[in-house]
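Here is the structure we will look at, set down as structure tokens.
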Amino acid sequence: MTERPAPAEIVDRTAALRAQIEQANYCYHVLDEPEITDADYDRRMRELEALEAEYPVLASPDSPTRKVGARAQGGFAEVRHQLPMLSLGNAFEQDGDGERERFREVAEFERRIEQMLDRREPVFSVEPKLDGLAISLRYERGVFVQGATRGDGETGEDVTANLRTVRAIPLKLRGKGWPDVLEVRGEVIMLRKDFEAFNEYARAHDEKPLANPRNGAAGSLRQLDPAITAKRRLSFFAYAIGAVEGGTLPSTHSATLQQLREWGFPVSPEVDTARGFEGLIAYFRRIGAKRDALPYDIDGVVYKLDDYAGQREMGFVSRAPRWAIAHKFPAQEQTTRLLDIEIQIGRTGAATPRARMEPVQVAGVTVTYATLHNADQIARLDVRVGDTVIVRRAGDVIPEVVRVIQDQRPAGTVPWVMPTHCPICSSALIREEGAAAWRCSGGLICAAQRKEALIHFASRRAMDIEGLGERFAEALVELDIVHTPADLYGLSVDDFVDMKRRIDERDGTTPETVKAGKVATKWAENLVAGIAGSKRVTLARFLFALGIMHIGESTAKTLAAWLGRLDFVRSTPAPVLRVLPDIGGEVATSIAGFFAQEGNQQVVDALLAAGIVFSDEATPSPLLRERLNLGVLLDMAKINKLGPKSCKLLAQHFPTLDQLLTGGSAHWITAGVPQAAASGLENFLAGPLALAELRSAEAAMQRLLEAVPVTAVVAQAPLAEQTIVLTGTLTSLSRDEAKERLEALGAKVSGSVSKKTSFVVAGEAAGSKLDKAHELGVAVWDEAQLLALLKEHEVG
DNA sequence: ATACCTCGAGTTCG
DNA sequence: CTCGAGGTAT
């Protein structure tokens, strides 16, 4: 075969790829600071391999395709591997339908073996692909004599001294029958728990934490001082053998691993055998499902033809064996281009920047947006429009921008600045003092805020309007059919049908309309029924639905439980609200401020007029009697020099404001109040505004106390004083349901575990909260115990 | 003043 | 789920 010359652009591309790969190798292997994602690296390597295969004239002995890894940094002696350490070909998931299509590379790998060996469904030894550092251990007459990193596959670094400190590596082989010379290959890794422990220690001692467990393993192994390596707990798993002299090994890989186990090497318990393509994919799925639960990080699985005779027959292509392949999980990190930084306006007006990106597959889903949190975060990352960025879907589900690849920044980019005006309503964006967040000052003028407010109002935990999802809430606001939530209750079936027609027209989705006519009517009827059905609510849900800043579910419940009726909530001034538990200055001001707005009061009136009724309005809590008196109000006013003791004293002698005022400074002092406190109070009362506020607070207090029932029937709830935390998935009831039923029994259901927690109910797959419970010595119940408890106390 | 503890708010995709 | 900030106990 004659070698055809390569076009100039191919020559250039090849050179560029080699340079990039070389640079990446250096960063990854020598500096332990990866510059590009593994996915990118693999992509480039494959492109280069393809080009070199197509144009053999371009092949060169110093191409990165001929070696794995880069030259070692000084400090360790070089070790030449007696048998080279292999690298494996990779298989990734492809686009397409059906397993054979999506796992095409695995299917081809398996079929090639079937054809070359003329065997149906060959047996494979299968194992997880650990994300650590590959090493080779040499044993002579059963004694560990040398250990080396893989290096470029031919030559590695002598890290014997460090490896001796790894407990999982046997210094002497157990049992007998081992060959005179035995090379064992495997992976040095750091277990997740050891990684966490190290970082916790590092943070506490102001040392640099490790980026990930792989870096932990690599970095620890190349410490020049073995004492440091010893302090970092490393683990080891064996997965292959190298040179063997003066002895024999079993004839299959799986049997060899078993033999290694007997000689004292850790072999991953996930190692198994599988038959044919179907067996490989089943294993891939099984390990994938277990991935997060494994004690170490893995980036895929490895399939090896089990019998050595077959392996010899298959042989190698360049450096990679044809009898083994690494099947990688979809990458957790990807690079993509940042197209724009958009501003999102939340329900409270919070302006959150988010990145719009070239859509990219990350860990199995297409990611287009990632939050950038706030302006500070953008500045920290120095993200600019046009940048190439690394996105990740880490532990949880939310995509995030990890960092910018500075090298690939196009010319002419500028640092991003927060816009000065809301992109939706053009009102000014303002930043509260000391706060991280910018807010749109538009309030209800802003369609974005109205939209989010409506979505919140209709949401499951608020008014729970069935059928009113985000999409329609958005349309209702955009078409200005609904301006405030109260408008919802005046809408008819026809209005909704009309709205749907307008949306369809606008979106150009008309073809369905004719036959959809009937469907649309049905849908509108459901929606109207859903809205009507939401009219009867608990006071707490209603208060939560209003979307008052700082008022979440919990605070709404507190308000409802203590004040009992909407009238009181909407008319109680801030100083009185502050006596309620968990309500301080900020929250009280927020509530009173909300109802001080005429427009908000009108919306509430309109809702009541539309037929909202409360299923649980009650009298204010009798506990108010103990909490609410003039002394407390004085204390809340934070009067200069006037402490809680003086306040209490004053209230005892002068139960009303009038009595206090007629008494005057001299009487206060006779009552036992210090001179300084008395003059502080005098100065305070001299301000006309302060006095007016106190008067209105006192009036509100009186109204409340008058409404408190005289006969205090305080039935002790069975679970009063209990704080319970639910975690994991419960099988026989939802978490919300469990919460509701426990609260009905008087318990407090909290979201986080602390030493105040009475007990934790752990369902299936309970996570960090369960660990925390163990750590703090908090009792842990299972679902059966919870059910028994509910059954015991619930009536009926 | 300080150290916890808890709640609220925001977040992406299917 | 996680972070920040508000509230309370010390």
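Chain letters run A, B, ... following the sequence lines, proteins first, then strands; residues in each count from 1.
- Listed pair A/T352 / B/dT11 meets the phosphate criterion, a side-chain N or O lying under 4.0 Å from OP1 or OP2.
- Under a 3.5 Å cut-off, the side chain of A/S534 and the backbone N or O of A/M463 do not form any donor-acceptor pair.
- OP1 or OP2 of B/dT11 has at least one side-chain nitrogen or oxygen of A/Q344 nearer than 4.0 Å.
- Nucleic acid contact class of A/K557 (heavy atoms, under 4.0 Å, all strands): none.
- Across B/dC7, B/dG14, B/dG10, the shortest atom-to-atom separation from the side chain of A/S554 is found for B/dC7.
- Applying the 4.0 Å criterion to OP1 and OP2 of B/dT12, one finds that A/T368 has every side-chain N and O outside that range.
- Each of A/R347 and A/E470 lies near DNA chain B, and the nucleotide nearest A/R347 is the one positioned closer to the 5' end.
- Proximity of A/K755 to the phosphate of B/dC4: no side-chain N or O atom is located under 4.0 Å from OP1 or OP2.
- Between A/T371 and the phosphate of B/dG10, there is no side-chain N or O to OP1/OP2 separation shorter than 4.0 Å.
- Within the structure, every side-chain polar atom (N or O) of A/S754 is placed at least 4.0 Å from both OP1 and OP2 of B/dC4.
- Contact check on A/K748 versus A/E743 returns no salt bridge, with no Lys/Arg side-chain nitrogen under 4.0 Å from an Asp/Glu carboxylate oxygen.
- Between A/R291 and A/D297 there is no salt bridge, since no side-chain nitrogen of the basic residue lies less than 4.0 Å from a carboxylate oxygen of the acidic one.
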